[in-house]
There are 2 protein chains.
Amino acid sequence: MKLITRDTDYAVRALCFISGSKKNRVSVGELVGVLKIPRPFLRKILQILNKKKLLKSYKGQGGGFALVKSHDKILLTDLMKIFQGPLKLNECVFKKQVCPNIKTCKLKKKIDKIEKYVISELKGITLAHLL
Amino acid sequence: MKLITRDTDYAVRALCFISGSKKNRVSVGELVGVLKIPRPFLRKILQILNKKKLLKSYKGQGGGFALVKSHDKILLTDLMKIFQGPLKLNECVFKKQVCPNIKTCKLKKKIDKIEKYVISELKGITLAHLL
DNA sequence: GTCAATGATACTAAATTTATATCATTTGTC
DNA sequence: GACAAATGATATAAATTTAGTATCATTGAC
Ligand code: SF4
Ligand code: SF4
């Protein structure tokens with residue numbers, strides 16, 4: 001029942017730091033020093049963010065990562081989708097089979113309603129709100 | 001990002017069936033037939049519900065399980081607490097250490113707000129609503 | 001006493017989350 | 001161009017949580 005996983009959390013922290021940094025590139029080494037995130041894990045996260053065009057990477061000496069968009073254009077839900085998959089609070093799929101009750105299930109309806117609210121709230125959160 | 005886990009879901013289904021049954025006791029065998037839940041897993045779930053006083057069990061031939069309270073007194077959150085632990089959408093605990101940012105973290109504040117709503121909604125759901 | 005039911009408990013398997021490790025590639029500096 | 005400092009790509013491993021199984025003991029109606 002965890003809304004965000006650790007990689008999303010780490011991504012938020014890293015992006016926040018990069019956004020707040022005066023340099024226009026920040027290296028993994030610097031981030032590791034500040035954020036205390038295990039280096040290889042953070043590296044993986046940043047590489048994914050680069051692939052997904054939320055960061056631009058620069059190789060070679062003096063390289064690092066920089067934001068691509070302004071902080072108010074980066075949505076928390078972008079990160080959640082990247083690291084956690086689709087925004088859903090209930091799958092109703094067991095062993096790759098959709099639950100047969102799905103059409104009528106009242107529990108699902110209740111959860112769907114909650115989900116709708118949660119997602120709408122999440123969608124309003126940008127990186128700028130998290131600085 | 002799953003609000004309820006499978007055991008909670010199974011518990012809901014089992015309780016709903018028991019509640020709707022004309023008999024005053026329902027055996028695991030009958031439930032397995034109807035709900036298609038793996039027998040040993042369902043047994044475990046029912047035994048827990050018995051221990052937690054949401055069901056009363058009857059041993060021996062003709063035995064089974066019966067509701068203890070009326071269906072509008074059984075809360076979904078009771079089940080969630082039993083099978084999923086405390087109602088929380090974010091722990092902010094990594095490797096048994098509370099996150100040092102917890103006092104000031106804006107992400108946490110956002111999630112806390114969402115959590116508050118979610119929990120208040122969940123608390124309003126009884127078994128009666130799920131029949 | 002037998003048999004059909006649950007109680008207690010230990011174990012196993014699968015899936016997801018959280019990392020780690022290694023080698024290749026790029027690029028700035030000398 | 002050699003070198004070093006950075007990321008890219010990718011494979012693997014460890015830890016945790018979720019899901020499911022197996023076994024034997026106990027109870028109670030008949
Ligand atoms: S029983 Fe309802 S909530 Fe559970 S999986 Fe089926 S549809 Fe979804
Ligand atoms: S950074 Fe914020 S949200 Fe993440 S664990 Fe720390 S306090 Fe919680």
Subject >> Nearest-nucleotide pick for B/Phe65, side chain only, options being C/dT6, D/dA5, D/dT21 >> reply: C/dT6
Original post:
Between A/Lys36 (NZ) and C/dA19 (C1'), how many Å, whole number?
Top reply: 19 Å
**OP:** Using a heavy-atom cut-off of under 4.0 Å over every strand shown, decide if A/Gly64 touches base, sugar-phosphate, or nothing.
**Re:** sugar-phosphate
Strictly under 3.5 Å: I want the nitrogen or oxygen pairs between protein and nucleotides 9-16 of chain D, one per line.
residue : atom : partner : partner atom : Å
D/dA9   : N7   : A/Gln47 : OE1          : 3.1

Subject >> Whole-Å gap separating P (D/dT18) and CZ (B/Phe41) >> reply: 11 Å
**OP:** For A/Ile37 and C/dT17, give me the distance from atom CD1 to atom C1', rounded to whole Å.
**Re:** 15 Å
Original post:
Under the 3.5 angstrom rule, does the side chain of B/Gln84 hit a backbone N or O of B/Thr8 as a donor-acceptor pair?
Top reply: no
Subject >> Whole-Å gap separating C1' (D/dG8) and CD1 (A/Ile48) >> reply: 12 Å
Subject >> Along DNA chain D (nearest heavy atom to each residue), the more 5'-positioned of A/Ser57 and B/Pro40 >> reply: A/Ser57
**OP:** Determine, stepwise, if the pair B/Tyr117 / A/Tyr117 fulfils ring-ring contact (aromatic ring centres under 6.0 Å, His included).
**Re:** CA-CA 9 Å; B/Tyr117 169 86; A/Tyr117 169 85; 3.6 Å; yes
Original post:
Is there a side-chain contact between A/His129 and B/Lys110 (heavy atoms, below 4.5 Å)?
Top reply: yes
**OP:** Starting at atom NZ of A/Lys59, determine the distance to atom C1' of D/dT7, rounded to an integer number of angstrom.
**Re:** 6 Å
Subject >> Side-chain ion pair, A/Lys116 and A/Asp112, N-O less than 4.0 Å >> reply: no
**OP:** Please determine if A/Lys56 forms a cation-pi arrangement with A/Tyr58, meaning its NZ or CZ atom is less than 6.0 Å from the six-membered ring centre and no more than 45° off the ring axis.
**Re:** yes
Subject >> Stacked cation flag B/Arg25 on B/Phe65, 6.0 angstrom / 45 deg >> reply: no
Original post:
Are the side chain of A/Glu115 and the backbone of A/Lys88 linked by a donor-acceptor contact shorter than 3.5 Å?
Top reply: no
Subject >> Residue whose nearest DNA chain C nucleotide is more 5′ - B/Arg39 or A/Arg25 >> reply: B/Arg39
**OP:** Return yes if some donor-acceptor pair links the side-chain N/O of B/Asn90 with the main-chain N/O of B/Ile111 below 3.5 Å, else return no.
**Re:** no
Subject >> Proximity to DNA chain C (any heavy atom under 4.0 Å), residues of residues 2-10 of chain A only >> reply: A/Lys2, A/Thr5, A/Arg6, A/Tyr10
Subject >> Separation of C/dT17 P from B/Asn90 CG (nearest whole Å) >> reply: 16 Å
**OP:** Grab the CZ-P distance between B/Phe94 and C/dT17 for me, whole Å please.
**Re:** 13 Å
Subject >> pair B/Val118-B/Leu3: side-chain heavy atoms closer than 4.5 Å >> reply: yes
Original post:
Just how far, in rounded Å, is P of D/dA29 from OH of B/Tyr58?
Top reply: 11 Å
